[in-house]
Amino acid sequence: MLSPPPRNDEGEVLPHDHGDILGTDNIVRRINPTHHVVLDSNRNCLRLSTKAMRPNSGGMSVDHERSILDDGVDALSFVTTPQYTGSVVFTASAARALALRVGYDPIVAEPGNPYHCEVWGPPDRPGKFTTAEQNGLLGACGWYVPIDGVEIA
């Protein structure tokens, strides 16, 4: 299990780069086809949108595969829900190579997710990624739970 993340006085996790998350660790991003898949008319295919690699409220929500596996949980099943029918994977080092930070941010409210992490932008814009950063993450991704007929890039 990862060590506790840094928190502010209100108990909220602060954007950080977590030392226990190794560069070789797989980071899983869940994919909602309704929001993350677009028709690419130039290439005549369905593909992931850069929106799939965009932070929502603060950071980009992800899961830490090693923590899931260390607990003996089936990671492929854990990251798949009716809303998130697919997922992609990249290494923490791929995000860090783009000057992004990968930090532990467990969800404690029910139903909870003790494996939840966030990917944040640099300190001056933790909740924003540039288009180059989004494209860089997409380029570093592979399918974890594929969505039939959808290309990554």
Side-chain angles (χ1 to χ4, degrees), residues 1-38 48-147 152-153:
M1 189 55 67
L2 301 172
S3 62
R7 296 181 183 273
N8 64 17
D9 292 339
E10 289 79 41
E12 300 164 332
V13 172
L14 297 168
H16 66 285
D17 196 34
H18 205 284
D20 292 347
I21 298 175
L22 308 176
T24 55
D25 285 352
N26 282 331
I27 305 301
V28 181
R29 172 73 166 154
R30 299 174 193 218
I31 301 297
N32 179 332
T34 303
H35 299 290
H36 299 146
V37 175
V38 295
L48 286 184
S49 166
T50 55
K51 186 177 180 182
M53 297 293 133
R54 185 179 299 162
N56 290 330
S57 58
M60 183 176 75
S61 180
V62 295
D63 292 297
H64 184 240
E65 181 195 48
R66 181 169 47 92
S67 293
I68 298 169
L69 297 174
D70 284 353
D71 275 354
V73 175
D74 177 4
L76 296 176
S77 296
F78 182 80
V79 300
T80 305
T81 67
Q83 181 180 6
Y84 297 101
T85 58
S87 57
V88 293
V89 63
F90 55 89
T91 62
S93 64
R96 291 173 177 148
L98 297 165
L100 302 175
R101 298 173 290 168
V102 183
Y104 184 43
D105 186 8
I107 297 174
V108 293
E110 288 302 322
N113 180 351
Y115 317 114
H116 183 263
C117 294
E118 296 276 347
V119 177
W120 291 284
D124 62 327
R125 54 179 173 78
K128 294 189 186 261
F129 296 171
T130 65
T131 301
E133 289 163 345
Q134 290 172 316
N135 285 329
L137 285 173
L138 274 176
C141 284
W143 281 113
Y144 196 67
V145 177
I147 300 174
I152 291 178

**Q** Give the minimum heavy-atom separation between T81 and R30, together with the two atoms involved.
**A** CG2-NH1, 3.8 Å
**Q** Quick check: closest heavy atoms across A140 and F90, and the distance to 0.1 Å?
**A** O-CB, 3.8 Å
**Q** Set out, in order, the CA-CA distance, both residues' side-chain angles and the distance that settles salt bridge (Lys or Arg N to Asp or Glu O under 4.0 Å) for R54 and E133, then state yes or no.
**A** CA-CA 9 Å; R54 185 179 299 162; E133 289 163 345; over 6 Å; no
**Q** Side chains of C117 and H18: does their closest heavy-atom pair fall under 4.5 Å?
**A** no
**Q** Can any side-chain N or O of E118 pair as donor or acceptor with the backbone N or O of M60 at less than 3.5 Å?
**A** yes
**Q** Is it the case that the side chain of N32 and the backbone of T34 share a donor-acceptor pair, with hydrogens and angles ignored and the cut-off at 3.5 Å?
**A** yes
**Q** What distance do D20 atom CG and S3 atom OG have between them, rounded to the nearest 0.5 Å?
**A** 3.5 Å
**Q** Looking at side-chain heavy atoms only, is the closest gap between I27 and V89 below 4.5 Å?
**A** no
**Q** Report yes if the side chains of E65 and D25 come closer than 4.5 Å at any heavy-atom pair, otherwise no.
**A** no
**Q** Is there side-chain contact between V28 and V62, with heavy atoms separated by less than 4.5 Å?
**A** no
**Q** Which pair of non-hydrogen atoms, one from P5 and one from Y104, has the smallest distance, and what is that distance?
**A** CB-O, 3.1 Å
**Q** Kindly say whether S61 contributes a backbone atom to a donor-acceptor pair with the side chain of R29 at under 3.5 angstrom?
**A** yes
**Q** Measure from the side-chain N and O atoms of H116 to the backbone N and O of P114, and report whether any donor-acceptor pair falls under 3.5 Å.
**A** no
**Q** On a heavy-atom basis, which atom in G86 and which in I147 lie closest, and how many Å separate them?
**A** CA-CG1, 3.7 Å
**Q** Going from NE2 on H36 to CD1 on I31, what distance comes out if it is rounded to the nearest 0.5 angstrom?
**A** 5.5 Å
**Q** Please check if atom CG in D9 has more than 12 non-hydrogen atoms from other residues, nucleotides or ligands closer than 6.0 Å.
**A** no
**Q** Within the 4.5 Å heavy-atom criterion, are R101 and P126 side-chain neighbours or not?
**A** yes
**Q** For P122 and L100, which heavy atoms make the closest approach, and how far apart are they?
**A** CD-CD2, 4.5 Å
**Q** To the nearest 0.5 angstrom, please state how far the OG1 atom of T85 sits from the CD atom of Q83.
**A** 9.5 Å
**Q** Does the R125 side chain pair with the main chain of K128, one donor and one acceptor, at a distance under 3.5 Å?
**A** yes
**Q** Would a 4.5 Å heavy-atom cut-off, applied to side chains only, mark E12 and L14 as touching?
**A** no
**Q** Have a look at F78 and tell me which of Y115, Y144, Y84 forms a ring pair (Phe, Tyr, Trp, His ring centres under 6.0 Å) with it.
**A** Y115
**Q** Are any of the side-chain heavy atoms of I68 and D63 separated by less than 4.5 Å?
**A** yes
**Q** What is the distance from atom OG1 of T24 to atom CZ of R66, rounded to the nearest 0.5 Å?
**A** 7.5 Å
**Q** Roughly how far apart are M53 CE and F129 CZ, rounded to 0.5 Å?
**A** 9.0 Å
**Q** What is the minimum heavy-atom distance between G23 and T91, and which atoms define it?
**A** O-CB, 3.4 Å
**Q** Side-chain contact test, heavy atoms from C-beta onward, threshold under 4.5 Å: evaluate it for D17 versus R96 and give yes or no.
**A** yes
**Q** What's the separation between atom OG1 in T50 and atom CD in Q134, rounded to the nearest 0.5 Å?
**A** 4.5 Å
